[in-house]
Amino acid sequence: MSEVNRITDLLELKDVEVTQFKSYAQENHIFISVPRTKHSCPVCGQLSDVIHDYRTQRILDVPLYEKKTYLIYRKRRYRCEHCGKRFFEHNSFVPRYAHTTNRLFHRLYQDLHSVVSQVSIAKRYQTSPMRIRRLLDALSPALPALPEVLGIDEFKGNTNKTKYHCILTDLQSGKPIDILANRTEATLITHFRKYQNTQQLSHVKIIVIDMWRSYYTVLRQVFPHAIILIDRFHMVRQVIWSLENVRKRVQKEMPKSLRIYFKHSRSVLLKRSDKLIVNDHINQELIRDRLIRYIPDLKKAYELKEELLAIVSEIHDPRLARQWLNSWIQKARDSNIPEFASCIRAYQNWKEPILNSFSSVYSNGITEGCNNKIKVIKRNAFGLRNFSRFRTRILLSFA
Ligand SMILES: [Zn+2]
């Protein structure tokens, strides 16, 4: 088999004739053409096989023998004898103005849906990071449809300007639908204003947020009929912080060995009491009792945490939840533990959205899961400083 025939086989392109193959140190050049046939004129439809002239197009293809590979395509231009129109012959592998073959484009497109870094993709296909960036720009997703149940959360960004990006999730499908550059009121308003002339806004029935005031302020305006609720995880976190701060305060006054014991046993305090492990090797209930027995503030803080977790996990009736939450807030106040002040304030300020969560099954837990994948993209995204491309990569990876 001649080399040209072998290359023709390797190319696996339909209707392509290889006329010459040149292999250089860094690159392959494969000279190709397509068979001459009659083409119908795009203007009048008459068949013609009158060749007007030739153009040569250099097209990047997938690597061959692990080398950058160009197809040097000698392209015919036909002339219609009926109307005089000049037009290029058809081919199946490259659009008219493209610099890459269709199949290279599809491989790049596929890989951009993964979490692999752009630099790696560029290397894999022997192309430049610039080409990958341009492709990403072209793939930037349009404004997505709004879901019935919308989750809004944030994640730490790595692009220059802002610390936190905002992630919008369809909590029924579990997929992110959009990423915003930050979580300021101005950004949120500008974003949702894009939906103003669509029917989309009324589609949203439930919104799950954390205790970020800008979310509430903006969403209340934009979605006046939607139910806004606080994610339970974010609610519980407040009381966990308070308990942790009490532990840190009381252990400060302890001798070093005891201080370390307290620090290492902290997970026992944070766990729900009915999840504590008691067996032949370990008795976490005993450890817990030792930790809190002689320290009234820590004991009280622990009990407040336990009671709140019980309310959150066991009560699903909003009316009952209101009674319990009110009485919990009163107990926390009566305890006079300074570390609970911010927790009490948060529960007071956010009482209605918190109570809404008691009759709903939705939480931002899914979004937290998405954040793990985003972290991988972020880690692989050295050089992905451009927010819009970062957004595109994230959305493609969940598509
Ligand atoms: Zn014609």
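Take Lys123 and apply the salt bridge (Lys or Arg N to Asp or Glu O under 4.0 Å) test, not counting sequence neighbours, and it matches no residue. For Pro338, the side chain to side chain contact (heavy atoms under 4.5 Å, CB included) partners at least two apart in sequence or on another chain are Arg249. In this structure Lys375 satisfies the side-chain hydrogen bond (donor to acceptor under 3.5 Å, both in side chains) test with no other residue, sequence neighbours excluded.
Here Phe31 and Tyr73 keep their ring centres 6.0 angstrom or further from each other.
The pair Arg77-Asp53 meets the salt-bridge criterion, since a charged nitrogen lies less than 4.0 angstrom from a carboxylate oxygen. Classification of Arg322 and Glu352 as a salt-bridged pair holds, one side-chain N sitting under 4.0 Å from a carboxylate O. The existence of a salt bridge linking Glu307 and Lys331 is confirmed by a sub-4.0 Å separation between a basic side-chain nitrogen and an acidic carboxylate oxygen. A salt bridge links Glu154 with Arg183: at least one charged nitrogen is closer than 4.0 Å to a carboxylate oxygen.
Within 6.0 Å of the CG atom in Asn197, the count of heavy atoms belonging to other residues, nucleotides or ligands does not exceed 12. Lys85 NZ: 12 or fewer foreign heavy atoms inside a 6.0 Å radius. The neighbour count for His225 NE2, taken as heavy atoms of other residues, nucleotides or ligands under 6.0 Å away, does not exceed 12. Residue-environment remark: CD (Glu66) stays at or below the threshold of 12 foreign heavy atoms within 6.0 Å.
Residue pairs meeting the side-chain hydrogen bond (donor to acceptor under 3.5 Å, both in side chains) criterion with at least one member in residues 274-285, sequence neighbours excluded, are Lys271-Gln284. The ring pair (Phe, Tyr, Trp, His ring centres under 6.0 Å) pairs that include a residue from residues 309-365 are Tyr216-Trp350, Trp328-Tyr347, where partners are two or more places apart or lie in different chains. Among pairs with a residue in residues 139-150, none fulfils side-chain hydrogen bond (donor to acceptor under 3.5 Å, both in side chains), at least two apart in sequence or across chains. The ring pair (Phe, Tyr, Trp, His ring centres under 6.0 Å) analysis of residues 169-210, with sequence neighbours excluded, yields the pairs His191-Tyr195, Phe192-Phe223. Residue pairs meeting the ring pair (Phe, Tyr, Trp, His ring centres under 6.0 Å) criterion with at least one partner in residues 283-305, sequence neighbours excluded, do not occur; the list is empty. Applying the salt bridge (Lys or Arg N to Asp or Glu O under 4.0 Å) test to every pair with at least one member in residues 200-210, sequence neighbours left out, gives no pairs at all.
Interatomic distance, SG of Cys343 versus CD of Gln348, reported as 11.0 Å (0.5 Å rounding). Here the straight-line distance linking atom CD1 of Ile228 with atom OG of Ser357 works out to 13.0 Å at 0.5 Å rounding. Atom CG in Asp297 sits 7.5 Å away from atom OG in Ser335 (nearest 0.5 Å). Taking CD of Glu81 as the reference point, atom SG of Cys44 lies at 11.0 Å (rounded to 0.5 Å).
Taking the ring centre of Phe390 as origin, the terminal cationic atom of Lys378 falls outside the region bounded by 6.0 Å and 45° from the ring axis. Because its NZ or CZ atom is both nearer than 6.0 Å to the ring centre of Phe88 and within 45° of the ring axis, Lys75 counts as a cation-pi partner of that residue.
A donor-acceptor pair shorter than 3.5 Å can be found between the side chains of Arg272 and Ser313. In this structure, a donor-acceptor pair under 3.5 Å is absent between the side chains of Thr217 and Ser214.
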For residues 250-258, which side-chain N or O atoms pair as donor and acceptor with protein atoms under 3.5 Å away, sequence neighbours left out?
{"residue": "Gln251", "atom": "OE1", "partner": "Arg247", "partner atom": "NH1", "Å": "2.9"}

Would you give me the side-chain donor-acceptor pairs under 3.5 Å for residues 104-115, sequence neighbours excluded?
{"residue": "Asp111", "atom": "OD2", "partner": "Arg124", "partner atom": "NH1", "Å": "2.5"}
{"residue": "Asp111", "atom": "OD2", "partner": "Tyr125", "partner atom": "OH", "Å": "3.4"}
{"residue": "His113", "atom": "ND1", "partner": "Tyr109", "partner atom": "O", "Å": "2.7"}
{"residue": "Ser114", "atom": "OG", "partner": "Asp111", "partner atom": "O", "Å": "2.6"}
{"residue": "Ser114", "atom": "OG", "partner": "Val116", "partner atom": "N", "Å": "3.2"}

Inset, instruction - Decide yes or no on side chain to side chain contact (heavy atoms under 4.5 Å, CB included) for Val236 and Leu309, but give the supporting numbers first. - result: CA-CA 7 Å; Val236 167; Leu309 290 185; 3.4 Å; yes
Inset, instruction - Could you walk me through whether Ile227 and Ser360 pass side chain to side chain contact (heavy atoms under 4.5 Å, CB included), step by step? - result: CA-CA 10 Å; Ile227 297 169; Ser360 168; over 6 Å; no
Inset, instruction - Report the C-alpha separation of Gln57 and Arg74 in whole Å, then their side-chain angles, then the decisive distance to 0.1 Å, and conclude whether the side-chain hydrogen bond (donor to acceptor under 3.5 Å, both in side chains) test is met. - result: CA-CA 7 Å; Gln57 191 177 354; Arg74 192 155 188 256; over 6 Å; no
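Between His29 and Tyr70, the ring-plane angle classifies as perpendicular under the 30° and 60° cut-offs.
Each of Lys68, Gln126, Arg103 was scored for a side-chain hydrogen bond (donor to acceptor under 3.5 Å, both in side chains) with Asp61, with one residue passing: Arg103. Considering Ile32, Val18, Val16, Asn28 in turn, Ile32 is the only one that fulfils the side chain to side chain contact (heavy atoms under 4.5 Å, CB included) rule with Leu71.
Closest heavy-atom contact between Ser397 and Lys373: O-NZ, 2.8 Å. Closest approach of Leu298 and Leu291 over heavy atoms only: CD2-O, 3.8 Å.
Taking a 4.5 Å side-chain heavy-atom cut-off between Ile, Leu, Val, Met, Phe, Trp and Tyr, the cluster of Ile51 extends to Tyr54, Tyr78, Phe87.
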